[in-house]
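The model shown is predicted, which means the values in this text are computed figures rather than measured ones. Note that ligands are numbered from 1 as they come in the structure, with each ligand's atoms numbered from 1 the same way.
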Amino acid sequence: MTERILGVPDADVARVRDAATDPARVGVVLGSGLAGLADLVEDARAIPYAQLESIPSAPLVAGHAGSLVLGRIADLPVMLFSGRIHQYQGVSAHDAAWPSRMAAAAGCDTLVVTNASGGVAKDLAPGDIVLIADHINLTGTNPLVGWPGPPGGSPFVPMRDAYDPDLRSLAREAAAGEVVPVREGVYAGLLGPTYETPAEVAYVRRVGADVVGMSTVPEVIAARALGMRVLGLSLVTNVAAGPGLSHAEVLQAGRDAADRLTRLVIAILRKL
Ligand code: HPA
């Protein structure tokens, strides 16, 4: 894969390699309020994002700490991204895809992305967990813009089965084993940072979205371009465009459901 899409200098790869006891196989991006998983990493070594040259400079949002945590979960060498970069912070889609680029550069073959979302489908309620089956990119841009593709290849990365069907069935098995209810759904990714208007929610529902959020899409596109398998889990923190919606409500709902989502992610990692 080309330098251009990775955009991660050797110094960062070396920093990660030196901190980890074993090279990470799986990257896990932690969404709003889900940072607790980082506390469960064995042999954890944390690298503050600020110590990595390739981290895009963007103001961090409350609830999004910023460190890369290396170690093991269920015997699997992992790298956890505690804090992600959103396009609404004023960065490009390429920058927002930094966790995927960093994970790929460090040698991960699988990316697990978690996020908080607003429920669009009428049968979804706060606390529900959605296994992302597909997405609709409504951000108006793409992290591969300007990329000529890999040497000898093209930038036209197929997005069919971007959310790996085998990983989804493995996640369903893990969910059944943990007695954590999950259902599959389509994630609409918007730029933000405003929450959606009721008309926008009606629109994304009509075009096939079940949940809506402001992250994930750039990371997943870049991960696919870099050949990683992707699993996406979305925690519904609120009804999209619901009354009284606030960032505090989203963070609190994330914390309330975090135990279930954490258990599910660990059960999934155990099966990888
Ligand atoms: N909309 C967009 N992003 C979100 C929401 C929402 O309702 N809830 C959590 N992230």
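- Atom 7 (O) of ligand 1 has its closest protein heavy atom at N238 ND2, 2.8 Å.
- At the top of the distance list for atom 10 (N) of ligand 1, counting protein heavy atoms only, stands A116 O, 3.3 Å.
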### Task
Quick one: do R229 and D109 satisfy salt bridge (charged side-chain N to carboxylate O under 4.0 Å, His left out)? Show the steps, please.
CA-CA 6 Å; R229 298 191 305 165; D109 59 23; 5.3 Å; no

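- Screening R263, R172, K271 against E178 for a salt bridge (Lys or Arg N to Asp or Glu O under 4.0 Å) leaves a single residue, R263.
- Residue contacts with ligand 1 for A241 are absent, since no atom lies close enough (heavy atoms, distance under 4.0 Å).
- Take N115 and apply the side-chain hydrogen bond (donor to acceptor under 3.5 Å, both in side chains) test, not counting sequence neighbours, and it matches T216, S234.
- Not a single donor-acceptor pair under 3.5 Å links the side chain of D18 to the backbone N or O of R15.
- Closest heavy-atom approach to atom 5 (C) of ligand 1 among the candidates A240, P126, A188, G118: G118.
- The shortest contact between atom 3 (N) of ligand 1 and any protein heavy atom is with G213 CA, 3.4 Å.
- N137 pairs by the side-chain hydrogen bond (donor to acceptor under 3.5 Å, both in side chains) definition with T139, not counting sequence neighbours.
- Closest non-hydrogen pair, W98 versus I85, comes out as CE3-CD1, 3.7 Å.
- Taking every non-hydrogen atom of T237 and a distance limit under 4.0 Å, the qualifying atoms of ligand 1 come out as 8 (N), 9 (C).
- Some N or O of E196 is nearer than 3.5 Å to an N or O of ligand 1, by distance alone.
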